[in-house]
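Order of the sequence lines fixes the chain letters, A, B, ..., with proteins taken first and strands second; residue numbering starts at 1 for each chain. FYI, side chains are in, hydrogens and waters are out, and symmetry mates aren't considered; it's all heavy atoms of this structure.
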Amino acid sequence: MLKSHSCGELRKGDVGKRVTLAGWVDRRRDHGGLIFIDLRDRAGVSQVVFNPEVASSCHETASQVRSEYVLNVSGEVALRPSGTENLQLATGEIEVIAGDCTILSTSETPPFYINQEVEVEESLRLRYRYLDLRRPRMLRNLTLRHRVVEYIRNFLNAKGFLEIETPIMIKSTPEGARDYLVPSRVHPGKFYALPQSPQQLKQLLMVAGVEKYYQIAKCFRDEDTRADRQPEHTQLDLEMSFVTEEDILGLIEELFTSLVTAIKPDMKVITPFPRVTYDDAIARFGTDHLDLRFSMETGDLSDIVADSEFAVFRDTVVAGGKVKGICAPGCSSYSRHQLDELNKMAQGLGARGLLTVALGDTPGSLDDLTLDMVKSVAARFLTLEQVKGIAGRLGAGMGDLLLIVAGDPKVVNKVLSELRAEMGNRLELADPNTLAFAFIQDYPLLKWDEELGRWDSEHHPFTAPKEEHIPLLDTAPERVRSQCYDIVCNGYELASGSIRIHDSELQHKIFSLLGYSDEEIQQRFGTMLEAFHYGPPPHGGIAPGIDRLVMLLAGEETIREVIAFPKNQSAVDLTLDAPSPVTEEQLAELHLQLRDE
RNA sequence: GGCCCCGUAGUGUAGCGGUCUAACAUGCCACCCUGUCACGGUGGAGAUCAGGGGUUCGAAUCCCCUCGGGGUCGCCA
């Protein structure tokens with residue numbers, strides 16, 4: 001080793017020791033005579049003093065050094081002269097008196113600050129990701145991620161799970177997201193696909209008798225990116241045999257709560273995790289990836305306004321739509337501009353409009369409310385009783401602002417859930433140090449796909465219906481609930497899972513319901529159905545997203561901040577400049593020809 | 001594919017129709033400096049204002065297109 005100690009570990013107790021350090025020049029302070037260099041490695045920073053009277057050639061070397069040069073320094077650890085200690089620094093009581101110094105490598109001036117926490121354009125950071133990762137924030141995030149994965153492995157290993165790798169090149173199945181395809185050289189015209197998840201493989205592992213499986217698995221989806229979505233992401237993929245929904249939820253709750261306690265003890269977790277049915281989630285929050293850190297629940301106002309003079313509301317209800325709203329506490333004094341912003345946001349999400357109702361100027365009892373204190377374009381169409389009814393339903397008082405949307409229930413819920421998140425943000429209602437996990441249960445098994453004119457899986461086709469709902473598959477598929485569950489946290493979907501079908505008859509029936517021909521079923525799922533003829537155990541699992549989990553623990557806004565080499569919004573890897581063209585020879589070998597477009 | 005936002009020295013920002021020959025901070029270069037730690041001091045270099053077109057007597061500034069980046073809707077079983 002070129003170092004005897006790390007730059008971050010030296011303390012008072014090391015005084016007098018002769019040490020050798022190696023690291024990067026974080027900062028150099030040249031006093032003409034004395035030169036101070038903060039030498040940085042992964043563990044931290046130590047101040048090295050270069051004194052011409054102690055080692056003149058060494059001092060000469062130090063004067064040539066610039067930021068991010070890599071140095072090897074030997075010297076004695078000394079107590080800093082009294083009065084010059086730096087309490088900001090863990091190593092601030094000592095310094096290393098350089099006796100010998102070698103420049104291991106030089107560095108050009110970096111394209112952005114490495115020793116300062118300044119926001120830099122993300123594309124530049126990604127182009128020089130190896131420099132970006134030198135910055136404390138990134139090092140912190142990567143370290144956190146490592147510890148999370150380490151914790152998960154230890155936790156599951158202790159519970160008797162086997163970590164098993166599954167292939168990255170598998171078979172394409174056209175349902176779900178678009179596959180990333182890998183052309184086969186050996187088999188002209190045939191392709192592998194990168195897994196969207198190891199779903200079928202882990203179920204085969206259950207048939208194989210593994211009983212408890214997990215994997216830190218890379219998953220690939222060729223869909224557009226978002227702040228919390230990348231073309232490839234990492235899941236804790238997990239599957240167990242002979243379990244019920246309760247077993248899976250209990251395991252995950254124990255894992256997550258103990259993980260947070262161990263790794264981020266300063267963060268609050270609400271236990272036990274609240275359980276919300278899908279229908280309740282939609283009714284109360286307009287979305288199933290809800291944020292339970294604050295209330296501001298939506299309220300259905302349809303019955304109150306059905307007979308109102310306000311045509312927009314009345315007509316919506318008559319046409320089978322819904323009128324719902326939320327209450328933004330203390331926002332009755334919102335300016336015209338602020339209201340316009342919210343209106344624009346609502347319209348951007350598909351609402352025809354947003355009705356705002358300001359209840360007086362100051363806090364107080366609703367009993368004192370009079371119609372002329374109500375500021376709203378709909379005020380003259382509503383009775384005082386109706387306004388009070390609406391306010392009551394939304395838990396509003398004087399001084400509050402009501403945000404009301406009318407229209408198709410899907411749109412109304414979408415818009416209100418986004419407005420709720422927005423207002424929660426603006427009013428700082430969501431404590432950034434709280435992780436509000438929740439289980440969402442009782443999802444519908446199927447959803448009607450308008451475009452294709454057929455039923456489609458809400459989760460995936462291997463999800464088991466609730467036992468007692470199986471008869472409904474023939475009579476009222478829309479009413480069938482599944483043994484499917486999500487974990488959400490602070491407004492993000494963190495995990496999805498289900499108890500799987502282990503009966504090949506039932507599985508076959510679901511496939512048929514989804515409109516697959518026998519031939520298609522055989523072609524896409526033949527192996528699994530066949531495997532299910534050989535004693536498949538009842539089984540189920542779940543797959544929490546590691547990127548999102550670490551993002552929440554790190555307090556970051558995007559998962560890119562917790563991925564070493566992420567892709568940008570256009571799915572480009574700016575570090576390596578991928579994707580890139582390939583040679584004609586490569587294409588020919590793969591029996592591929594590019595189309596003119 | 002739609003909508004919204006952004007693009008000014010290496011970096012981060014200011015400037016938003018004329019006095020911009022583009023400012024500030026920091027970084028960079030040179031010199032001075034033996035107790036600093038975001039060291040200090042003096043001086044200097046550094047920007048076709050993303051690119052193209054238009055409006056105007058005059059454009060970093062207004063309009064259009066293109067490119068690049070971000071957010072989002074669609075999409076993500």
_Checking H469(A) now: which residues fulfil side-chain contact (heavy atoms from CB on, under 4.5 Å) with it, not counting sequence neighbours?_
K466(A), L472(A), V480(A), R481(A)
*asked:* Within residues 39-62 of chain A, which residues have any heavy atom lying less than 4.0 Å from an atom of RNA chain B?
replied: Q47(A), N51(A), E53(A)
*Residues in side-chain contact (heavy atoms from CB on, under 4.5 Å) contact with A578(A), at least two apart in sequence or another chain*: D573(A)
Each nucleotide N or O in nucleotides 29-33 of chain B that has a protein N or O under 3.5 Å away: list the pair and distance.
| from | atom 1 | to | atom 2 | distance (Å) |
| --- | --- | --- | --- | --- |
| rC29(B) | OP1 | R66(A) | NE | 2.9 |
| rA30(B) | OP2 | R66(A) | NH2 | 3.4 |
| rC33(B) | N3 | D30(A) | O | 3.1 |
| rC33(B) | N3 | G32(A) | N | 3.3 |
| rC33(B) | N4 | G32(A) | N | 3.4 |

*Please answer whether the main-chain N or O of L126(A) pairs with a side-chain N or O of T575(A) as donor and acceptor at a distance below 3.5 Å.*
yes
Between protein and nucleic acid, restricted to nucleotides 43-51 of chain B and to nitrogen or oxygen atoms under 3.5 Å apart, what atom pairs and distances do you find?
none

*Aromatic ring pairing Y278(A)/Y443(A), orientation class (parallel under 30°, perpendicular over 60°, tilted between)*: tilted
*Under the side-chain contact (heavy atoms from CB on, under 4.5 Å) test, residues paired with R42(A) that sit two or more places apart*: L139(A)
*For the pair D179(A) (side chain) and L181(A) (backbone), establish whether a donor and an acceptor sit closer than 3.5 Å, ignoring hydrogens and angles.*
no
_Can you give me the closest heavy-atom contact between A281(A) and D288(A), atom names plus distance?_
CB-CA, 4.1 Å
*asked:* Which residues pass the ring pair (Phe, Tyr, Trp, His ring centres under 6.0 Å) test with H5(A), not counting sequence neighbours?
replied: none
*Would you tell me if any nitrogen or oxygen in the side chain of R29(A) comes within less than 4.0 Å of OP1 or OP2 on rC39(B)?*
yes
*What string of B, S and - do you get for nucleotides 68-74 of chain B, 5' to 3', when a contact is any protein heavy atom under 4.0 Å?*
-SBBBBB
_Nucleotide opposite rG68(B) in a Watson-Crick or G-U pair, distances under 3.5 Å_ = rC6(B)
*Got a sec? Which of residues 74-83 of chain A come in under 4.0 Å of RNA chain B, heavy atoms?*
R80(A), P81(A)
_According to ring-ring contact (aromatic ring centres under 6.0 Å, His included), does anything in residues 22-50 of chain A pair up with another residue at least two apart or in another chain? List the pairs._
H31(A)-F36(A)
_Residues that N86(A) engages under side-chain contact (heavy atoms from CB on, under 4.5 Å), provided they are two or more places apart_ = R80(A), Q88(A), L89(A)
*Specify the residue among L124(A) and Y113(A) whose closest nucleotide of RNA chain B lies further upstream toward the 5′ end.*
L124(A)
*Which residues pass the ring pair (Phe, Tyr, Trp, His ring centres under 6.0 Å) test with Y128(A), sequence neighbours left out?*
none
